[in-house]
*Asks:* 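Below: one structure in structure tokens.
Just follow the structure's listing: the first ligand is 1, and inside any ligand the first atom is 1. All values reported here derive from a predicted model rather than from experimental measurement.
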Amino acid sequence: MKNILITGGCGYLGSHCAVKLIEKGYKVIIVDNLSNSDSSIIDKITKITKSKVIFYKGDIRDNKLVDKIFFQNKVDSIFHFSGLKSISESIKYPIKYYSSNVEGTINLLRAMESHNVNKIIFSSSATVYGNNYKLPWHEELCPLLPNNPYADTKLTIEKILQALSKSKILFKIGILRYFNPAGCHSSGLIGDNLENKNNLFPSILRVIMKRDKYLNIYGNNYDTKDGSGIRDYIHVNDLIEGHLKAFNYINNHDGYHLWNLGMGKGLSVYEIINVFEEKIGKKINTKIKPKREGDIAQFWSSTIKAKRELLWEPEKNIKDMVEDSVYYLQKSYNYKIFN
Ligand code: NAD
Ligand code: UFG
């Protein structure tokens with residue numbers, strides 16, 4: 001049984017990955033500073049998998065802690081999810097973003113080097129691509145022109161990883177450029193943090209639960225089919241399945257490899273709202289707000305490379321993402337669908 005260290009394993013994507021890896025027979029070690037999550041996730045992972053998880057509460061920038069984790073566990077590979085993820089917040093607080101994302105990753109890589117751990121799967125983002133390139137965004141055709149500090153932290157980390165792949169140590173690196181993950185685990189026990197006021201899905205869920213009165217629509221005059229922003233939403237299960245395929249790939253291929261993980265098609269904010277309204281049988285109140293700084297009108301993924309090299313294809317659709325999200329509200333927040 002191999003030991004996998006998951007950074008940010010209490011977060012939305014890391015917790016889903018932890019469940020999947022445990023189900024596949026790996027032993028999981030999580031490090032998380034709980035800046036965007038809480039430790040109750042560990043109990044939920046244990047409840048779903050009926051297995052123990054080793055948890056370290058702390059920051060990946062903490063040298064001593066990271067070394068301790070490597071000393072105390074025979075870490076075979078890293079799934080590196082930890083990081084800050086809001087584009088608009090990164091514009092306001094760039095140092096916070098460069099520190100947590102870039103400095104944190106450098107510290108992790110330093111520890112990997114000194115403890116002879118050479119496999120890493122890294123959570124990158126579609127935001128590394130240039131805004132104006134024709135759609136869909138393809139890994140080998142689209143220029144890399146990040147337009148905000150968050151995206152730049154991701155590209156900087158990709159470059160560091162690429163440099164490492166040419167260093168004297170034999171690294172095996174998988175970069176995954178996520179589009180927009182949504183939905184949650186079929187148990188309804190884990191999902192995106194509803195305190196996350198940034199992303200669309202948790203914001204819609206807060207309105208459904210009546211925690212917020214309105215869903216803010218950030219811009220209704222984009223040059224898109226209905227004026228709202230268009231993104232490529234991908235079910236978290238499919239996304240995590242992509243991680244396992246990528247992990248398998250790097251186990252068999254040295255060096256640096258990267259793939260988009262998306263559905264390959266875009267949906268607008270209004271289209272997402274419609275699917276939710278159909279599911280709950282009620283209207284979702286909205287308010288038009290100015291465009292968010294750093295947001296762009298629309299993008300979606302080319303899925304060709306992941307299909308070809310990883311033999312990976314998403315299986316779930318937008319209805320599944322919405323249904324699972326509403327089920328999460330019912331199971332984890334006691335929401336009654338017809339009240
Ligand atoms: P999340 O905020 O739910 O999870 C990240 C976790 O990392 C949190 O639990 C947080 O407490 C922890 N963390 C943050 N900084 C840390 C640090 N310095 N040390 C230790 N722990 C730290 O986010 P997520 O949605 O699960 O995203 C995971 C990764 O995927 C992030 O790197 C994010 O940038 C990337 N990503 C996410 C999306 C998305 O829409 N969710 C899209 C593209 C890329
Ligand atoms: N939106 C709203 N109202 C909200 C939240 C979002 O109208 O309350 C709109 C946004 O303007 C955008 C779309 O919904 O058009 C999606 O916004 P999200 O904040 O959910 O997602 P982003 O595309 O801005 O960013 C997310 C992650 C990034 C990641 C990126 C990759 O937050 O970390 O997806 O595509 F890099």
*Asks:* Less than 3.5 Å between some nitrogen or oxygen of Ser35 and one of ligand 1, yes or no?
*Replies:*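 Such a contact does occur with ligand 1.
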*Asks:* Write out the residue and atom name of the closest protein heavy atom to atom 11 (O) of ligand 1, then the distance separating them to 0.1 Å.
*Replies:*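 Atom 11 (O) of ligand 1 sits closest to the protein heavy atom Asp32 OD1, 2.7 Å.
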*Asks:* What atoms of ligand 2 come closer than 4.0 angstrom to any heavy atom of Ile217?
*Replies:* 7 (O)
*Asks:* Using heavy atoms and a threshold below 4.0 Å, how should the contact between Thr127 and ligand 1 be classified: side chain, backbone, both, or neither?
*Replies:* neither
*Asks:* Can you pull out the closest protein heavy atom to atom 23 (O) of ligand 2? Residue, atom name and distance to 0.1 Å, please.
*Replies:* Arg231 NE, 2.7 Å
*Asks:* What protein heavy atom sits nearest atom 25 (O) of ligand 1, and how far away is it?
*Replies:*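 Scanning the protein heavy atoms, the shortest distance from atom 25 (O) of ligand 1 goes to Lys85 NZ, 2.8 Å.
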*Asks:* Can you name the one residue among Tyr222, Tyr233, Trp137 that meets ring pair (Phe, Tyr, Trp, His ring centres under 6.0 Å) with Phe299?
*Replies:*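 Considering Tyr222, Tyr233, Trp137, a ring pair (Phe, Tyr, Trp, His ring centres under 6.0 Å) with Phe299 is found only for Trp137.
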*Asks:* Give the atoms of ligand 2, by number and element, whose distance to some non-hydrogen atom of Phe299 is under 4.0 Å.
*Replies:*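 Counting from 1, the qualifying ligand atoms are 35 (O).
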*Asks:* In terms of residue, atom name and distance, what is the protein heavy atom nearest to atom 26 (O) of ligand 1?
*Replies:* Leu13 N, 2.8 Å
*Asks:* Please say whether Ser125 places an N or O atom under 3.5 Å from an N or O atom belonging to ligand 1.
*Replies:*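 By distance alone, the answer is no.
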*Asks:* Suppose we measure from atom 1 (P) of ligand 1 to each protein heavy atom; which comes out shortest, and what is that distance?
*Replies:* Asn36 ND2, 3.8 Å
*Asks:* When you measure from atom 7 (O) of ligand 2 to every protein heavy atom, which one gives the shortest distance, and what is it?
*Replies:*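 So the nearest neighbour among protein heavy atoms is Tyr218 N, 3.1 Å.
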*Asks:* Using the test salt bridge (Lys or Arg N to Asp or Glu O under 4.0 Å), find all partners of Asp226 that sit at least two apart in sequence or belong to another chain.
*Replies:*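 Asp226 satisfies salt bridge (Lys or Arg N to Asp or Glu O under 4.0 Å) with no other residue.
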*Asks:* Is a donor from one side chain sitting under 3.5 angstrom from an acceptor on the other, for Tyr178 and His243?
*Replies:* yes
*Asks:* Minimum distance, heavy atoms only, to atom 5 (C) of ligand 1: which one of Cys10, Gly83, Gly14 is it?
*Replies:* Gly83
*Asks:* Which residue is it: Trp312, Tyr249, Phe179, Phe122? I am looking for the one with a ring pair (Phe, Tyr, Trp, His ring centres under 6.0 Å) to Trp259.
*Replies:* Tyr249
*Asks:* Could you tell me, atom by atom, which parts of ligand 1 come under 4.0 Å of a heavy atom of Tyr150?
*Replies:*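 Matching atoms, with element in brackets: 33 (C), 34 (O), 35 (C), 36 (N), 43 (C), 44 (C).
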*Asks:* Determine the minimum heavy-atom distance between Val207 and Asn285, stating which atoms define it.
*Replies:*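 Minimum heavy-atom separation between Val207 and Asn285: CG1-O, 4.1 Å.
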*Asks:* Distance under 4.0 Å to a non-hydrogen atom of Tyr178: what atoms of ligand 2 satisfy this?
*Replies:* 31 (C)
*Asks:* Got an N/O contact under 3.5 Å between Asn180 and ligand 1?
*Replies:* no
*Asks:* Quick one: which ligand 2 atoms are inside 4.0 Å of a heavy atom on Asn180?
*Replies:* 21 (O), 22 (P), 23 (O), 26 (C), 31 (C), 34 (O), 35 (O)
*Asks:* Regarding ligand 2, does Ser86 bring an N or O atom to under 3.5 Å of one of the ligand's N or O atoms?
*Replies:*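 Between Ser86 and ligand 2 (N or O atoms, distance only) the closest approach is not under 3.5 Å.
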*Asks:* If you have a sec, work out which protein heavy atom is nearest atom 19 (O) of ligand 2 and how many Å separate them, to one decimal?
*Replies:* Arg292 NH2, 2.8 Å
*Asks:* Given Ser90, Ser100, Ser15, which has its nearest heavy atom closest to atom 15 (N) of ligand 1?
*Replies:* Ser100
*Asks:* Can a donor-acceptor pair be found between the side chains of Tyr12 and Asn36 at a distance below 3.5 Å?
*Replies:*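 Result is no, nothing qualifies.
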*Asks:* Search all heavy atoms of Asn260 against all heavy atoms of His138 and return the closest pair with its distance.
*Replies:*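 Minimum heavy-atom contact is ND2-CA, 4.3 Å.
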*Asks:* Measuring from atom 18 (P) of ligand 2, which candidate in Asp212, Ile87, Asn199 has the nearest non-hydrogen atom?
*Replies:* Asn199
*Asks:* Looking only at N/O atoms, are Asp59 and ligand 1 under 3.5 Å apart anywhere?
*Replies:*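 Yes, Asp59 has an N/O under 3.5 Å of an N/O on ligand 1.
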*Asks:* With no hydrogens and no angle check, just 3.5 Å: does a side-chain donor-acceptor pair link Tyr56 and Gln72?
*Replies:* yes
*Asks:* For atom 28 (C) of ligand 2, what is the closest protein heavy atom, and at what distance to 0.1 Å?
*Replies:*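 Nearest protein contact, heavy atoms only, for atom 28 (C) of ligand 2 is Lys85 O, 3.6 Å.
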*Asks:* Please report which non-hydrogen protein atom sits nearest to atom 15 (O) of ligand 2, along with the residue it belongs to and the distance in Å to one decimal place.
*Replies:* Gly229 CA, 3.5 Å
*Asks:* What are the atoms of ligand 2, with element, lying closer than 4.0 Å to any heavy atom of Asp295?
*Replies:* 10 (C), 11 (O), 24 (O)
*Asks:* Any nitrogen or oxygen of Tyr12, main chain or side chain, under 3.5 Å from a nitrogen or oxygen of ligand 1?
*Replies:* yes
*Asks:* By number and element, which atoms of ligand 1 are closer than 4.0 Å to a non-hydrogen atom of Ser124?
*Replies:* 43 (C), 44 (C)
*Asks:* Heavy atoms only, cut-off 4.0 Å: how does Tyr129 contact ligand 2, side chain, backbone, both, or neither?
*Replies:* neither
*Asks:* Atom CD of Glu103 and atom CD1 of Ile60: how far apart are they, to the nearest 0.5 Å?
*Replies:* 9.5 Å
*Asks:* For Ser125, counting its heavy atoms only, list the atoms of ligand 2 lying under 4.0 Å from any of them.
*Replies:* 29 (C), 31 (C), 36 (F)
*Asks:* Counting heavy atoms only, which of Phe179, Tyr97, Phe81, Phe201 comes nearest to atom 31 (C) of ligand 1?
*Replies:*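 Going through Phe179, Tyr97, Phe81, Phe201 one by one, Phe81 has the nearest heavy atom to atom 31 (C) of ligand 1.
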*Asks:* Give the intermediate values and the outcome of salt bridge (Lys or Arg N to Asp or Glu O under 4.0 Å) for residues Glu309 and Lys245.
*Replies:* CA-CA 9 Å; Glu309 293 180 355; Lys245 300 258 184 181; over 6 Å; no
*Asks:* Establish, for the pair Lys291 and Tyr218, whether the NZ or CZ atom is under 6.0 angstrom from the six-membered ring centre and no further than 45 degrees off its axis.
*Replies:*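 No, Lys291 does not sit over the ring of Tyr218.
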*Asks:* Report the part of Ala126 in contact with ligand 1, treating N, CA, C, O as backbone and CB onward as side chain, heavy atoms under 4.0 Å; options are side chain, backbone, both, neither.
*Replies:*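 Near ligand 1, Ala126 shows nothing, with every heavy atom at 4.0 Å or more.
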*Asks:* Partners of Lys283 by salt bridge (Lys or Arg N to Asp or Glu O under 4.0 Å), sequence neighbours excluded?
*Replies:* Glu277
*Asks:* In terms of residue, atom name and distance, what is the protein heavy atom nearest to atom 9 (C) of ligand 2?
*Replies:* Val269 CG2, 3.7 Å
*Asks:* Only heavy atoms of Asn216, strictly under 4.0 Å: list the atoms of ligand 2 that pass.
*Replies:* 2 (C), 3 (N), 4 (C), 7 (O), 8 (O)
*Asks:* Starting from atom 13 (C) of ligand 2, locate the nearest protein heavy atom and write down its residue, its atom name and how far away it is, to 0.1 Å.
*Replies:* Tyr233 OH, 3.6 Å
*Asks:* Give a yes/no verdict on whether any heavy atom in Tyr150 is under 4.0 Å from an atom of ligand 2.
*Replies:*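 It does, in that a heavy atom of Tyr150 comes within the 4.0 Å cut-off of ligand 2.
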*Asks:* Considering non-hydrogen atoms of the protein only, which is the closest contact for atom 13 (N) of ligand 1, and what is the distance?
*Replies:* Asn33 OD1, 3.3 Å
*Asks:* As an exercise, identify every atom of ligand 2 less than 4.0 angstrom from a heavy atom of Asn198.
*Replies:*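 Answer for ligand 2: 5 (C), 6 (C), 19 (O), 32 (O).
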*Asks:* How far is atom 31 (C) of ligand 2 from its nearest protein heavy atom, and which residue and atom name does that atom have?
*Replies:*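 Minimum-distance protein heavy atom for atom 31 (C) of ligand 2 reads Phe179 O, 3.4 Å.
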